[in-house]
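Source: prediction; values computed, not measured.
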Amino acid sequence: MLIYKIFRAPEWQALVDAGQTLGAPIDLADGYIHFSTAEQAAETAAKHFAGVDGLVLAALEADTLGDELKWEPSRGGALFPHLYREMRMSDVIWSNPLPLVDGVHQFPAS
């Protein structure tokens with residue numbers, strides 16, 4: 001199953017440059033890296049990245065992340081994937097720009 005991380009451009013570039021990241025400021029504060037499922041990603045973008053252009057969507061395979069990936073309740077009890085280790089560039093299956101069109105982030109069709 002693919003899970004998704006939304007990055008602001010500087011955060012994505014830092015991951016590319018360093019090869020790993022502990023995440024965005026909210027991830028650092030919470031002690032884990034926040035991810036979303038395909039069903040949750042658009043709501044995550046709208047809630048936490050409203051109006052932000054230049055985002056990057058990264059996909060990772062949940063099954064390869066081992067025991068450090070935990071599914072924990074959030075928003076109304078929905079389970080969200082949280083990674084309790086650094087995210088590595090080698091974890092990324094693919095990445096795509098997440099353009100902002102008329103105030104709405106445009107996710108890839110697949």
Side-chain angles (χ1 to χ4, degrees):
M1 166 185 206
L2 292 181
I3 58 173
Y4 303 90
K5 177 70 178 163
I6 300 171
F7 287 92
R8 290 175 180 85
E11 297 161 351
W12 175 252
Q13 192 58 54
L15 169 59
V16 170
D17 292 346
Q20 64 183 27
T21 183
L22 292 174
I26 190 169
D27 301 318
L28 295 171
D30 289 345
Y32 54 83
I33 301 176
H34 294 262
F35 289 87
S36 299
T37 65
E39 294 79 20
Q40 298 162 335
E43 182 182 350
T44 297
K47 182 173 181 172
H48 297 288
F49 300 94
V52 178
D53 204 5
L55 298 176
V56 175
L57 180 68
L60 290 76
E61 175 54 59
D63 292 341
T64 65
L65 298 175
D67 292 339
E68 287 108 350
L69 184 71
K70 311 283 186 208
W71 292 83
E72 299 175 314
S74 189
R75 292 185 217 145
L79 294 179
F80 279 75
H82 297 149
L83 185 61
Y84 285 86
R85 68 157 169 82
E86 76 281 353
M87 179 183 157
R88 302 173 194 124
M89 195 64 201
S90 61
D91 295 324
V92 177
I93 303 295
W94 57 257
S95 62
N96 282 316
L98 195 56
L100 187 64
V101 178
D102 297 328
V104 178
H105 292 102
Q106 304 300 303
F107 283 81
S110 59

Identify, with sequence neighbours excluded, every residue that meets side-chain contact (heavy atoms from CB on, under 4.5 Å) alongside [X].
{"X": "Asp30", "result": "Ile26, Tyr32, His34"}
{"X": "Val16", "result": "Trp12, Gln13, Met89"}
{"X": "Leu28", "result": "Leu22"}

Over all heavy atoms of both residues, which pair between [X] and [Y] is shortest? Give the atoms and the distance, please.
{"X": "Leu60", "Y": "Met87", "value": "CD1-CE, 3.7 Å"}
{"X": "Thr37", "Y": "Met1", "value": "CG2-CE, 3.7 Å"}
{"X": "Ile33", "Y": "Gly23", "value": "CD1-N, 4.1 Å"}
{"X": "Phe7", "Y": "Ala58", "value": "CE1-CB, 4.0 Å"}
{"X": "Asp67", "Y": "Lys70", "value": "O-NZ, 2.8 Å"}

Show your working on salt bridge (charged side-chain N to carboxylate O under 4.0 Å, His left out) between Lys5 and Asp91 and close with a plain yes or no.
-> CA-CA 11 Å; Lys5 177 70 178 163; Asp91 295 324; over 6 Å; no

Is there a path of hydrophobic side-chain contacts, each under 4.5 Å between heavy atoms of I/L/V/M/F/W/Y residues, joining [Y] to [X]?
{"X": "Leu57", "Y": "Ile93", "answer": "yes"}
{"X": "Leu2", "Y": "Leu55", "answer": "yes"}
{"X": "Ile6", "Y": "Tyr4", "answer": "yes"}

Within the distance-only criterion (no hydrogens, no angle test), does the side chain of Glu72 pair as donor or acceptor with the backbone N or O of Pro81 below 3.5 angstrom?
-> no

For Gln40 and Leu79, indicate whether the former's side chain and the latter's backbone hold a donor-acceptor pair under 3.5 Å.
-> yes

Tell me, with the steps shown, if Phe49 and Leu98 meet side-chain contact (heavy atoms from CB on, under 4.5 Å).
-> CA-CA 11 Å; Phe49 300 94; Leu98 195 56; over 6 Å; no

Going from NE2 on His48 to OG on Ser36, what distance comes out if it is rounded to the nearest 0.5 angstrom?
-> 7.5 Å

Please tabulate, for the side chains in residues 102-109, all donor-acceptor contacts under 3.5 angstrom to protein atoms that are two or more places apart in sequence or on a different chain.
from: His105; atom 1: NE2; to: Val52; atom 2: O; distance (Å): 2.8
from: Gln106; atom 1: NE2; to: Val104; atom 2: O; distance (Å): 2.9

Residue set satisfying side chain to side chain donor-acceptor pair (under 3.5 Å) with Glu68, at least two apart, ordered chain then number -> none

Heavy atoms of other groups near Asp17 CG, more than 12 under 6.0 Å | yes

Please, which pairs that meet salt bridge (charged side-chain N to carboxylate O under 4.0 Å, His left out) have at least one residue in residues 32-42, sequence neighbours excluded?
-> none

Are any non-hydrogen side-chain atoms of Asp27 and Thr21 less than 4.5 angstrom apart?
-> no

CA sep, side-chain torsions, deciding dist, call: Ile3, Leu69, side-chain contact (heavy atoms from CB on, under 4.5 Å) | CA-CA 11 Å; Ile3 58 173; Leu69 184 71; 4.0 Å; yes

